[in-house]
Visitor: 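Got a structure here, written out as structure tokens. Questions coming.
Nothing here was measured: the structure is a model prediction, and the numbers come from that model. Just so it is clear, the values below take in all heavy atoms, side chains as well, and ignore hydrogens, waters and symmetry mates. A, B, ... follow the sequence lines: proteins, then strands. Residue 1 opens every chain.
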There are 2 protein chains.
Amino acid sequence: MSSEPAYDPLGAVPRYLQIARILRARIESGALEPDRPIPSEKAVEQEFGVARQTARHAVALLREWGLVQTVPGLGTYVIRR
Amino acid sequence: MSSEPAYDPLGAVPRYLQIARILRARIESGALEPDRPIPSEKAVEQEFGVARQTARHAVALLREWGLVQTVPGLGTYVIRR
DNA sequence: CTATATTTGTGCGTATGTATG
DNA sequence: ACATACATACGCACAAATATA
């Protein structure tokens, strides 16, 4: 059984990093597929109950990690590799 | 040759002031043109490796100096004079 | 062509906590 | 105590790009 990292809002690990790791796990597991969009910032906010800034921070990490590509006005997509 | 002030993170002059002076020099030299946006807060953060607060502090100085004008939701622009 | 909805980009203001000089 | 600086996090607003009715 492979499970994604747990989300612990009160933990020592910053929320944006926890969220980024969870989304990364979804990409690596194939739950989020290449050339397909990841959840919007709005959706991330709602799923994890965080502010937009925090959601954006998480997605920014995915970009830095080379996992996704963002198109303004459209969305953020999983990079095919 | 006119060169902009050096950035010295370990110097006695506060970083926000150093950054503000560098951006001012770019405006006065024409590297940043009137009616054109200066680098976003994010870009300033990244270029100088400082926190958001510090980048914002620098841009706030440019406003106080009457060099730029900030438009909410759009950016900060060099004032034509 | 216009209007609307969605998504991302940018900025403002504020707050808490940590650390250094 | 104070100024500076970093890190994290919340809420809000307006602008721009994109897609669709």
Visitor: Take the protein atom CD of A/Gln46 and the nucleotide atom P of C/dT7, then report the distance between them rounded to whole Å.
Guide: 10 Å

Visitor: For the residue pair A/Pro37 and A/Leu32, what are the closest heavy atoms and their distance?
Guide: O-CD2, 4.5 Å

Visitor: Mind calculating the distance between CD1 (A/Ile38) and P (C/dT8) to the nearest angstrom?
Guide: 7 Å

Visitor: Can you check the B/Arg15 CZ to D/dA5 P distance for me, whole Å?
Guide: 7 Å

Visitor: Using 0.5 Å steps for rounding, measure from the CG atom of B/Leu62 to the NE2 atom of B/His57.
Guide: 11.0 Å

Visitor: Does D/dA5 have OP1 or OP2 sitting under 4.0 Å from an N or O in the side chain of B/Tyr16?
Guide: no

Visitor: Who is the Watson-Crick or G-U wobble partner of C/dG11, with both distances under 3.5 Å?
Guide: D/dC12

Visitor: Taking for each residue the nucleotide of DNA chain D with the nearest heavy atom, is it B/Leu17 or A/Thr54 whose nucleotide lies nearer the 5' end?
Guide: B/Leu17

Visitor: C/dG9, D/dA7, D/dA9: which one has an atom nearest the side-chain heavy atoms of B/Ala51?
Guide: D/dA7

Visitor: Minimum heavy-atom separation for B/Val78 and B/Glu33, please, with both atom names.
Guide: CB-O, 3.3 Å

Visitor: Nearest whole Å is fine: how far is D/dA9 C1' from A/Phe48 CZ?
Guide: 16 Å

Visitor: Would you indicate what B/Gln53 reaches in the nucleic acid, counting non-hydrogen atoms under 4.0 angstrom: base, sugar-phosphate, or nothing?
Guide: base

Visitor: Take nucleotides 14-21 of chain D nucleotide by nucleotide from the 5' end and write B, S or -, depending on whether a protein heavy atom sits under 4.0 Å from the base, only from the sugar-phosphate, or from neither.
Guide: BSSBBS--

Visitor: Hydrophobic clustering (ILVMFWY, side-chain heavy atoms < 4.5 Å, transitive) - are A/Trp65 and A/Ile38 grouped together?
Guide: yes

Visitor: With nearest nucleotides of DNA chain C determined for B/Glu41 and A/Thr76 from heavy-atom distances, which residue corresponds to the more 5′ nucleotide?
Guide: A/Thr76

Visitor: Are B/Glu45 and B/Arg52 close enough for a salt bridge, meaning some N to O gap below 4.0 Å?
Guide: no

Visitor: Do any side-chain nitrogens or oxygens of B/Arg63 fall under 4.0 Å of OP1 or OP2 in C/dC12?
Guide: yes

Visitor: Kindly compute the distance separating OG1 (A/Thr54) from CG (A/Leu17), expressed to the nearest 0.5 Å.
Guide: 12.0 Å

Visitor: Just how far, in rounded Å, is P of D/dT8 from CD of A/Gln18?
Guide: 12 Å

Visitor: Would you say B/Ile19 and B/Leu61 are hydrophobically clustered, going by side-chain heavy atoms of ILVMFWY under 4.5 Å?
Guide: yes

Visitor: Calculate the interatomic distance between A/Glu45 atom CD and D/dC12 atom P; express it in whole Å.
Guide: 11 Å

Visitor: Provide, to the nearest angstrom, the distance between the CZ atom belonging to B/Arg56 and the P atom belonging to D/dA5.
Guide: 15 Å

